[in-house]
Amino acid sequence: MSFPHLSANLVRAAYLVASVLFIIGIKRLSSPKSARQGNTLASVGMLLAIVVTLLDRQIVSYGTILAGILVGGLIGAVAARRVAMTAMPQMVALFNGSGGGAAAIVSSLEYLAFARAGLPVPPVAQVTILLGALIGAISFTGSIVAFGKLQGLVTERAVTYPLQKPINLLLFMGILAVSGWLVAQGSPSPMVYAWFAGASLLFGILFVIPIGGGDMPVVISLLNSFTGLATAATGFSLHNYVLIISGTLVGASGTLLTYLMCRAMNRPITNVLFGAFGATAKVAGPAGAAAGAAGLAGKAVRDVSIEDAATMLAYARKVIIIPGYGLAVAQAQHGVRELADLLKSRGVEVKYAIHPVAGRMPGHMNVLLAEANVPYTELYDLDAINPEFDSADVALVIGANDVVNPAARNDTGSPIYGMPILDADKAQHVIISKRSMKPGFAGIENELFYDPKAMMLFGDAKDSVAKLIQAVKAL
């Protein structure tokens, strides 16, 4: 089956329309109210780009392409519907890695096409092909390692070994040296290219393995930008405008998000780029934990009963709820929304405080609460909500830890010192729902737990929230 080729101007016009839809879609994603519409617009743009590309040229049989679309679409639909909210970061890592891997494969096939034809590879095409393969391979294997860490298949700790940085540097310099040789050589060399591809895949593993699980949100953002850059490079080698534009958009937005995440976690972006910040946290963690423990010696935490917690919440004027990864693990988002609705029916003002790195990926808490139909207008980011803690009667912390730890402001020796936090300790009362006193990802004691205004509500978050609902109803 074949179709007549479309005119070049018609293809360019369609790609331009698709690119505009991508740009508008990303812009609409900046607000929870318009995010669904933005996603739809970007999807329409992608569909248009795919259809036009298929009509413009026939690379393989349409039956093969259709089979790929059906299989990929089925896998994506099933995964999207069945994946638990706690596993959403893992799914994002896998999908992102698939994009990087696809870019690497397409770049490699383009290189091999020159080899099969016995033609020299022009320098510009050589550079774009090698960039697409290198960045795509790093994104692919790096995302697989990130998935393994998040899924528990690989240790979440920062894996370090002697001479790690020199080995990584030598490997990367070797990849660059081989790349330079291939460009200078001009004629295709499949065997050397195979070494280049294998070394690139290995570097992706070594790039992510020394990073701790607590820093995976930054890693996911960074690898997402890598996938975008790999796609853009592939677009240059294929002379495909829509790949260039869409890849550049993803690369730029991913890079910006990585910078914002680093700032939110008080991590220099250079540490992310060189894979050192996971190992640094591992070294600093025990020392910071020891210092924190020494400063909290002699202090005790206060427990609170369900009845007392329910009374404080029911008769408060303003309650600020702070969700964290523990809420996602317990799948307590629907109960939290029900509790908030119950409090609002009693005249209590309820708001949600969202820290940029709460959870395991950017926007994790926003997506989690949106699933429970929490109104977007009640979600406030760190800068908007922090001034309101002074007037809050109760700050209800559910599953959050490091993002509310005052050590980030007070303890210069803490590994999280300087990290912007939610000012939960400034509320009149703080109720902390947590399974145990186990530290968060930073591995340090939380000063908030020992604050005289803080009370610990131990137990599974979903169960505790359900009991709070019943207790409030009984008042």
Side-chain angles (χ1 to χ4, degrees), residues 1-27 29 38-77 80 95-114 116-117 119 121-122 124-133 135-137 139-140 224-254:
M1 180 174 60
S2 62
F3 295 93
H5 288 279
L6 303 179
S7 69
N9 288 335
L10 182 59
V11 172
R12 292 192 186 100
Y15 282 167
L16 178 61
V17 173
S19 300
V20 170
L21 289 174
F22 292 154
I23 295 171
I24 296 175
I26 291 177
K27 175 62 178 176
L29 289 175
N39 197 37
T40 301
L41 288 174
S43 299
V44 171
M46 181 57 70
L47 177 62
L48 174 62
I50 291 174
V51 170
V52 170
T53 300
L54 293 178
L55 294 179
D56 178 40
R57 64 190 70 184
Q58 184 176 346
I59 300 173
V60 295
S61 70
Y62 283 100
T64 303
I65 293 173
L66 180 60
I69 292 175
L70 291 176
V71 173
L74 179 62
I75 293 174
F95 283 0
N96 181 68
S98 299
I105 290 173
V106 171
S107 294
S108 299
L109 292 176
E110 186 71 6
Y111 185 87
L112 293 177
F114 281 99
R116 286 195 301 269
L119 299 173
V121 187
V124 174
Q126 185 94 271
V127 170
T128 56
I129 287 173
L130 292 175
L131 279 176
I135 302 173
S139 177
F140 173 69
N224 183 62
S225 69
F226 282 6
T227 296
L229 295 175
T231 301
T234 303
F236 276 106
S237 63
L238 296 177
H239 305 288
N240 188 295
Y241 300 113
V242 76
L243 281 179
I244 296 171
I245 295 173
S246 60
T248 303
L249 286 172
V250 173
S253 59

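Along the sequence shown, the residues carry numbers beginning at 1.
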Quick one: pull up [atom1] in [X] and [atom2] in [Y] and give me the separation to the nearest 0.5 Å.
X	Y	atom1	atom2	result
Ile23	Ser253	CD1	OG	11.5 Å
Leu243	Thr53	CG	OG1	7.0 Å
Thr64	Ile69	OG1	CD1	11.0 Å

Which residues satisfy the side chain to side chain contact (heavy atoms under 4.5 Å, CB included) test with [X], sequence neighbours excluded?
X	answer
Ala230	Ala103, Ile135
Phe114	Glu110, Leu119, Val121, Pro122, Ile129, Pro188
Val17	Leu21, Leu48
Val250	Asn224

Review point. Under the side-chain hydrogen bond (donor to acceptor under 3.5 Å, both in side chains) test, which residues partner Ser246, sequence neighbours left out?
Key: none
Measure the shortest side-chain to side-chain distance between [X] and [Y] over non-hydrogen atoms and say whether it is less than 4.5 angstrom.
X	Y	result
Leu74	Leu70	no
Val127	Phe236	no
Tyr15	Ile245	no

Closest approach of [X] to [Y] (non-hydrogen atoms, all atoms of both residues):
X	Y	result
Ala18	Gly45	CB-O, 3.3 Å
Val242	Ala49	CG2-CB, 3.9 Å
Phe226	Ser139	CB-CB, 4.1 Å
Gly254	Ser225	C-CB, 3.5 Å
Gly100	Thr227	N-CG2, 3.6 Å

Practice item. Give me the one residue out of Thr234, Leu112, Thr128 that meets side-chain contact (heavy atoms from CB on, under 4.5 Å) with Ser107. Key: Thr234
Exercise for review: Check the surroundings of atom OH in Tyr241: do more than 12 heavy atoms from other residues, nucleotides or ligands lie under 6.0 Å from it?
Suggested key: no
Check your understanding: Partners of Phe140 by ring-ring contact (aromatic ring centres under 6.0 Å, His included), sequence neighbours excluded?
Key -> none
Practice item. Give the intermediate values and the outcome of side-chain contact (heavy atoms from CB on, under 4.5 Å) for residues Arg12 and Leu16. Key: CA-CA 6 Å; Arg12 292 192 186 100; Leu16 178 61; over 6 Å; no
